[in-house]
Colleague: 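Following this message is one structure expressed as structure tokens.
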Amino acid sequence: MSAVTHSHKTDFDALGFTLVEDVIPRDQLVALREDLKRLWKRAKNKDIASVRVYEDFPYFLGGVNVAGVEDPFVHTPMLAAWMPSSGLDQILADLTGWRGAELELARVHMNDRFKYQGFWHRDAKVEKANSSVVAVIYFEDEEGFRITPSRNKYSAADLELGDDMQKRHFQGPLQGEHIVTAPAGSVFFMKSYLLHRGYNNKPRLHLHTRFIEAPVTNAAGWAQYRNPVSPYDFGASKPAARLRRLASYCIPRKDRSSLFQA
Ligand SMILES: O=C(O)CCC(=O)C(=O)O
């Protein structure tokens, strides 16, 4: 039976996004979460090179404040085994009507002691409005992700406001934005061109994926996905610079609070 209800489909068509709950069964969720936490620990100990450390995640004490692991399927065979059997292929087919879906990006996002407040941006050009979809798979309860729906003037494909906003690196609130509340085990699907920004105020752990339309689905091949990124350069910043940056995160700025979690 498909997890997609009439209301998911209506939301996806009208807004460009929808949240599907209980995609990951409870026993799998617990095992996957533990496996991903082990991955996170290894990344903090610099055992994994293909990581993201955002500008606003300075590391100081207790290991690297890792914000993402780029090649999760290489490092967590459990996640790689789960992915093709997740049911995402059927959900994507039901929501989009695509003949098939190809995985174009997979990255685990995490963070602990700082908030994340990203800039408004699109993940695909407006030309891909109906052929590219982001799916965010939550392993912990999460709240804060901001998105503007397809009919909102900032997301609208026939206006340039969204692209302008992206160029301005804007972080403040936008009229008509939705704030996503996602329980662990749920998956948030959104058209990739919609204007959105990451935001969270609690430790988080999710798998960020992006799919494009394809002639067929080869779900078994999804776990083969590799992200061609260079290893993170841990030597690029000096302790004094990290300390200065850490201090600056205590101070609220225009359209941005301090980056310490509440
Ligand atoms: O970190 C997040 O929650 C969102 C990241 C994001 O928007 C992206 O990777 O496109």
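The figures here come from the full heavy-atom set of this structure, side chains too, leaving out hydrogens, waters and symmetry mates. Model, not experiment: these values are computed from the prediction. Counting starts at 1 for both ligands and their atoms, following the listed order.
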Colleague: Starting from atom 5 (C) of ligand 1, find the nearest protein heavy-atom neighbour and note its residue, name and distance.
Modeller: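 Minimum-distance protein heavy atom for atom 5 (C) of ligand 1 reads H109 CE1, 3.7 Å.
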Colleague: Would you mind listing which atoms of ligand 1 come within a distance below 4.0 Å of any non-hydrogen atom of R107?
Modeller: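 Those qualifying, in numeric order: 9 (O).
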Colleague: Assess, by modelled atom type and distance only, whether the side chains of T96 and E213 contain a donor and an acceptor separated by less than 3.5 Å.
Modeller: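 Looking only at side-chain atoms, E213 and T96 do not form any donor-acceptor pair under 3.5 Å.
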Colleague: Just go through R210, R204, H121 and tell me whose heavy atom is the nearest to atom 7 (O) of ligand 1.
Modeller: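 Among R210, R204, H121, the closest heavy atom to atom 7 (O) of ligand 1 belongs to H121.
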Colleague: Please report the closest heavy-atom contact between R122 and L159, naming both atoms and the distance.
Modeller: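 Taking every non-hydrogen atom into account, NH2-O, 4.3 Å.
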Colleague: Which one holds for R197 and ligand 1: side chain close, backbone close, both close, or neither close, with close meaning a heavy atom under 4.0 Å?
Modeller: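 Neither part.
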Colleague: Considering distance alone, does some N or O of E142 sit under 3.5 Å from an N or O of ligand 1?
Modeller: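 Looking only at distances, the answer is no, because the N/O contact criterion of under 3.5 Å is not met.
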Colleague: Indicate whether any N or O donor in one side chain lies under 3.5 Å from an N or O acceptor in the other, for H109 and N111.
Modeller: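 The answer is no; no qualifying pair exists.
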Colleague: Please collect all ring-ring contact (aromatic ring centres under 6.0 Å, His included) contacts where either partner lies in residues 68-104, sequence neighbours excluded, each pair once.
Modeller: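 Every pair satisfying ring-ring contact (aromatic ring centres under 6.0 Å, His included) with a residue in residues 68-104: there are none.
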Colleague: Mark yes or no: K167 above the aromatic ring of F119, with NZ or CZ under 6.0 Å from the six-membered ring centre and no more than 45 degrees from the axis.
Modeller: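 Geometry flag: not set, cation outside 6.0 Å or 45°.
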Colleague: For residues 176-189, dump all side-chain donor-acceptor pairs below 3.5 Å to protein atoms at least two apart in sequence or in another chain.
Modeller:
residue: E177; atom: OE1; partner: L174; partner atom: N; Å: 3.0
residue: S186; atom: OG; partner: P183; partner atom: O; Å: 2.6

Colleague: For atom 4 (C) of ligand 1, find the nearest protein heavy atom and state the residue, atom name and distance (0.1 Å precision).
Modeller: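 The answer is G198 CA, 3.7 Å.
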Colleague: Could you tell me which atoms of ligand 1, counted from 1 in the order shown, lie closer than 4.0 angstrom to a heavy atom of Y116?
Modeller: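 Listed by number with element: 1 (O), 2 (C).
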